[in-house]
Amino acid sequence: MTRTSALLLSAVLGLAALPVGAEPVTLAPVTVTEWKAVYGTVEARDRSPARARIGGVLVALSVAEGDEVQAGQELARIVDDKLDFQLAALAAQKEALAAQLANAGADLKRGEELLKNGVTTTQRVDALRTQVDVLTGQIAALAAQADVISQQAKEGVVLAPVAGRVLDVPVAKGAVVMPGEGIAVIGGGGTYLRIAVPERHAGALKTGDAIEVSGVEGNLQGKLARVYPLIEGGRVVADVEIADLPDTFVGARMLVRLPVGEREALLVPKADLVTRGGLDFIGVQGADGAGLRSIVPGAVQLVDGVEMVEVISGLSAGDVVVPAAEVGHE
């Protein structure tokens, strides 16, 4: 007995113990989707930097990478000692002007009394009144300058621009920062998956297409949300929206399967596929009854919730695939 005959015999003898498969299926070409596997990168929808509005020393830093923050939350505090000195200088000038104003007010009051008695002139009284108004204006200007400096000191508090997760903190406590320098980068607004596809598949990408994503916790379903028109480096960039996509690791790579075309294929139920001695067999109904036929299987397709195996070679359209148990009874 040859090796092939022995394999066939062992396969037939073993089929009686297999579970009953599906009903007989007449093979016909089925349209299947061609999938392209690429890697996508998890991106934050909004990357908002929290910047320093004044220069100074970073005296407090209350967040680190990975922390979740709310919009308006205090992230850090910057102190510029020069602002305190400027406020002290303005306060001293204000006191000096207040003393001059008190003296000028007294002179104006005496001048008005003398004018009533006809001792002084109206021109002299107007000059004294003008001096009082000038000093009053100077004091108001100093108060406004003090308000500006006080506001600058308040702007030393760095607030979170959006709610989200802290992606990067490029500075450390005690560092000297300049106005406009980034203190932290906040990723907010949710996450999405960004993919780069070879340009030969650009015509097959359509907004709204279903996307399959392989994640750490299992397969996820997504939707192609946007295809960018600019091709760079021979690749088309697109965004995939996935419900409840975690933002724990922004920049993480995930395997994505994209529909890039359709073709005709023959599919048989996976439950009717039998493997013996490294060869794959399927039960086929012929003129002389059911028998085994060796095939070369391909990828597994899910059709209406049933796992189907693509047949690369060994079967043709019109063949009738029977359950393995029926072959066992032959």
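All heavy atoms count here, side chains included; hydrogens, waters and symmetry mates do not.
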Minimum-distance pair of heavy atoms, taken over all atoms of [X] and [Y]:
X	Y	answer
Val158	Ala50	CG1-CB, 3.9 Å
Gly182	Val171	O-CG1, 3.8 Å
Val185	Arg47	CG1-CB, 4.5 Å
Leu266	Leu315	CD1-O, 3.8 Å
Ala76	Leu61	CB-CD1, 3.8 Å
Ser150	Leu87	OG-CD2, 3.8 Å

Look at the side chain of [X] and the backbone N and O of [Y], then say whether any donor-acceptor pair between them is shorter than 3.5 Å.
X	Y	value
Thr136	Leu101	no
Gln221	Ile242	no
Thr191	Leu245	yes
Asn103	Gln100	no
Asp80	Lys82	yes
Arg235	Ala196	yes

Compare all side-chain heavy atoms of [X] with those of [Y] and state whether any distance is below 4.5 angstrom.
X	Y	value
Arg293	Phe281	no
Val177	Ile78	yes
His201	Glu34	no
Ile312	Pro297	no
Thr41	Met254	no
Asp280	Val296	no
Pro269	Met308	yes
Ile186	Pro161	yes

Next on the checklist: Show, in sequence, the C-alpha distance, side-chain angles and deciding distance for Ile211 and Ile195, and conclude whether the side chain to side chain contact (heavy atoms under 4.5 Å, CB included) test is met.
Outcome noted: CA-CA 11 Å; Ile211 306 297; Ile195 59 176; 6.0 Å; no
Checklist entry - What's the spacing between Met178 CE and Ile54 CD1 if we round to 0.5 Å? => result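 The CE atom of Met178 sits 11.5 Å away from the CD1 atom of Ile54.
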Item to check | Cluster companions of Phe85 among Ile, Leu, Val, Met, Phe, Trp, Tyr (side-chain spacing under 4.5 Å) | outcome: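 Other cluster members: none.
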Item to check | Residues that, via side-chain heavy atoms closer than 4.5 angstrom, fall in one hydrophobic cluster with Phe249 | outcome: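 Grouped by the 4.5 Å side-chain rule, Phe249 forms a cluster of one, so the answer is none.
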Next on the checklist: Using side chain to side chain contact (heavy atoms under 4.5 Å, CB included), reason through Asp319 and Val321 one step at a time and then give a plain yes or no.
Outcome noted: CA-CA 6 Å; Asp319 289 341; Val321 176; 5.5 Å; no
Checklist entry - Salt bridge between Arg110 and Asp107, side-chain N to carboxylate O under 4.0 Å? => result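 Yes.
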Checklist entry - Under 4.0 Å between a Lys/Arg side-chain N and an Asp/Glu carboxylate O for Lys270 and Glu310? => result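 No, no charged N to carboxylate O under 4.0 Å.
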Next on the checklist: What verdict does the side chain to side chain contact (heavy atoms under 4.5 Å, CB included) test give for Ile282 and Leu292, after you've listed the backbone C-alpha separation in whole Å, the side-chain angles of each residue and the deciding distance to 0.1 Å?
Outcome noted: CA-CA 6 Å; Ile282 198 76; Leu292 288 178; over 6 Å; no
Distance-only check: which donor-acceptor pairs under 3.5 Å involve side-chain atoms of residues 116-129, not counting sequence neighbours?
{"residue": "Asn117", "atom": "ND2", "partner": "Glu113", "partner atom": "O", "Å": "3.4"}
{"residue": "Thr121", "atom": "OG1", "partner": "Arg124", "partner atom": "N", "Å": "3.3"}
{"residue": "Asp126", "atom": "OD1", "partner": "Arg129", "partner atom": "NH1", "Å": "3.2"}
{"residue": "Arg129", "atom": "NH2", "partner": "Glu112", "partner atom": "OE2", "Å": "3.2"}

Output every pair passing salt bridge (charged side-chain N to carboxylate O under 4.0 Å, His left out) with a member in [range], not counting sequence neighbours, ordered by first then second residue.
range	answer
residues 145-169	Glu68-Arg165, Arg165-Asp247
residues 90-105	none
residues 179-195	Arg194-Asp239

Next on the checklist: For the residue pair Ser62 / Glu74, report whether a side-chain donor-acceptor contact shorter than 3.5 Å exists.
Outcome noted: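 Absent: no donor and acceptor within the cut-off.
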Next on the checklist: If hydrophobic clusters are built from ILVMFWY residues whose side chains come within less than 4.5 Å, do Leu83 and Val57 share one?
Outcome noted: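 Leu83 does not cluster with Val57.
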Checklist entry - What do the steps show when you test Val197 against Leu205 for side chain to side chain contact (heavy atoms under 4.5 Å, CB included), and what is the final call? => result CA-CA 9 Å; Val197 184; Leu205 299 178; 4.1 Å; yes
